[in-house]
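First up is the structure itself, then whatever we jot down about it.
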Amino acid sequence: KKHCERHSLYSRKKKSKSPQVSRQDCFNILKSIDSKASLRAELVKAREAARKRSTDPSAWVDEFDKLILFIDDPAHWPIHPIFTPGNSKLPFHSFSVAPVVTCPGAGECLSFCYSYKAFRYPAAFGRMVQNTFLMEHSRLMVSHAFRSLPAGTLRLYVDGDFKDLNTLKYWLRKLRRRPDIQAYGYSKSLDLFLEYDAAGYTWPDNYKLNISSGSRFDGTDVIRQVERLPVSRGRFIAVPVQTAQRTDQKQYAREVRAA
């Protein structure tokens, strides 16, 4: 099966304020999460940079202050909901971690990853840092939050991906214990799914995988092998779309779906 994902190639030009935190600052923070001391140091540097870049840096400074306190004292965990509740458009819970640093299967997608947009919003970025940190240093808290989820649909992941085989095993084990939750997700960590299957582990009935395009496995036999797994719903292929104003939106939408 092949399905269509869309990523933005063109967009309207909008006036924007000077960024309070650079993308490089964000990446430096994310790359340091394995070490508590390094993470704290990068958060402090980013906080001071935010103060210098903007006349009104309060939102970012406040977020970095909360994250520093979060690192220093587990009594303040979590500072954001670990699982994000849905809305009227997407009425289900979801779980995310940081992009790139948790995406071993990333390929071409690195040039158009929508998760970078979260770097513009303090709370969204803070949740990424928090959840990535917890998955590295305190999965017990993630497990506790998972047990408290209501029955229904869960998306794993919106941002980020399965970092390694242990992470994939962790989530599939959790789902096997919660048959009242139906989970799905887009993933490019495709070699991990094959490794899991080759090891003889059983697949839970309540997880479905959407094979996301833009991975380093595009055009390889890995895709075809993963398509044959019982959890696979097929390939979901990203195509460039124009978000600028058009007079032929309906015709353009038909072209995108046919691409």
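Residues take their numbers from the sequence shown, with the count starting at 1. Keep in mind the model is a prediction, meaning the values are calculated, not measured.
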Pair R155, Y184 - check side chain to side chain contact (heavy atoms under 4.5 Å, CB included), show working. CA-CA 5 Å; R155 179 173 170 181; Y184 80 100; 3.4 Å; yes

Show the numbers, then the answer: is there a side chain to side chain contact (heavy atoms under 4.5 Å, CB included) between I181 and F146? CA-CA 10 Å; I181 289 178; F146 179 78; 4.0 Å; yes

Using the side chain to side chain contact (heavy atoms under 4.5 Å, CB included) rule, take I29 and F125 through it: C-alpha gap first, then chi angles, then the decisive distance, then the call. CA-CA 10 Å; I29 291 169; F125 179 74; 3.9 Å; yes

Stepwise, does the side chain to side chain contact (heavy atoms under 4.5 Å, CB included) test hold for L172 with T202? CA-CA 9 Å; L172 298 185; T202 57; over 6 Å; no

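Across N206 and P179, no two heavy atoms sit closer than the pair ND2-CA, 3.7 Å. Minimum interatomic distance between T102 and P104 (heavy atoms only, all atoms of both residues): O-CD, 3.2 Å. Taking all atoms of both residues into account, the shortest heavy-atom contact from S187 to L190 is O-CD2, 3.5 Å. What you find for G105 and F217 is that their closest heavy atoms are CA-CE1, 4.0 Å. In terms of heavy atoms, V231 sits closest to W203 at CG1-CE3, 3.6 Å. Between V97 and M128, the shortest heavy-atom distance links the atoms O-CG, 3.9 Å.
Taken to the nearest 0.5 Å, the CD1 atom of I223 stands 4.5 Å off from the OG atom of S215. Taking CZ from R176 and OH from Y201, the interatomic distance works out to 10.5 Å, rounded to the nearest 0.5 Å. Atom CG of L149 sits about 6.0 Å away from atom CG of L154, to the nearest 0.5 Å. Here CG of D218 is found 7.5 Å from OG1 of T220. Values are rounded to the nearest 0.5 Å. Expressed to the nearest 0.5 Å, how far OG of S96 lies from CG of D161 amounts to 10.5 Å. Considering CG of L67 and CG of D62, their distance stands at 11.0 Å, rounded to 0.5 Å.
In this structure R178 satisfies the salt bridge (charged side-chain N to carboxylate O under 4.0 Å, His left out) test together with D180, sequence neighbours excluded. Applying the side-chain hydrogen bond (donor to acceptor under 3.5 Å, both in side chains) test to Y121 and every residue at least two apart in sequence or in another chain returns nothing. Take K45 and apply the salt bridge (charged side-chain N to carboxylate O under 4.0 Å, His left out) test, not counting sequence neighbours, and it matches E42. Partners of R216 according to the side chain to side chain contact (heavy atoms under 4.5 Å, CB included) rule, which considers only residues two or more places apart in sequence or in another chain, are D191. The salt bridge (charged side-chain N to carboxylate O under 4.0 Å, His left out) check on D221 picks up R224, with sequence neighbours excluded. Evaluation of the side-chain hydrogen bond (donor to acceptor under 3.5 Å, both in side chains) rule for Y170 yields S143 as partners, not counting sequence neighbours. Applying the side-chain hydrogen bond (donor to acceptor under 3.5 Å, both in side chains) criterion to S35, with sequence neighbours excluded, gives S38. Qualifying side chain to side chain contact (heavy atoms under 4.5 Å, CB included) partners for E48, counting only residues two or more places apart in sequence or in other chains: R51. D65 is linked by a side-chain hydrogen bond (donor to acceptor under 3.5 Å, both in side chains) to R47, counting only residues two or more places apart in sequence or in another chain.
Cluster partners of L140, using a side-chain heavy-atom cutoff of under 4.5 Å among ILVMFWY residues and allowing indirect links: none.
Note: the hydrophobic cluster containing V158 does not contain F95 (ILVMFWY, side chain heavy atoms under 4.5 Å, direct or indirect links). Placement of I33 and L69 in two distinct hydrophobic clusters is found when ILVMFWY residues are connected by side-chain heavy-atom separations under 4.5 Å, directly or transitively. Cluster annotation: Y114 is not connected to V129 through the hydrophobic network of ILVMFWY side chains, with a link wherever side-chain heavy atoms come within less than 4.5 Å.
Heavy atoms from other residues, nucleotides or ligands lying under 6.0 Å from CG of D205 number 12 at most.
Between W171 and Y207, the gap from one ring centroid to the other reaches at least 6.0 Å. Here the two rings, on F70 and F133, have centers that are under 6.0 Å apart.
Sorted by first and then second residue, the pairs that involve residues 126-142 and meet side-chain hydrogen bond (donor to acceptor under 3.5 Å, both in side chains), not counting sequence neighbours, are E136-K163, R139-T167.
A donor-acceptor contact shorter than 3.5 Å links the side chain of Y116 to the backbone of L110. A donor-acceptor pair is defined here as one N or O able to donate and one able to accept, closer than 3.5 Å; no such pair exists between the side chain of T153 and the backbone of F92.
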Just distance, no hydrogens or angles: give the donor-acceptor pairs under 3.5 Å from side chains in residues 80-87, sequence neighbours left out.
residue : atom : partner : partner atom : Å
H80     : NE2  : E63     : OE2          : 2.7
N87     : OD1  : K89     : N            : 2.9
N87     : OD1  : L90     : N            : 2.7

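Residues F119 and P99 are in side-chain contact: their nearest non-hydrogen atoms beyond the backbone lie under 4.5 Å apart.
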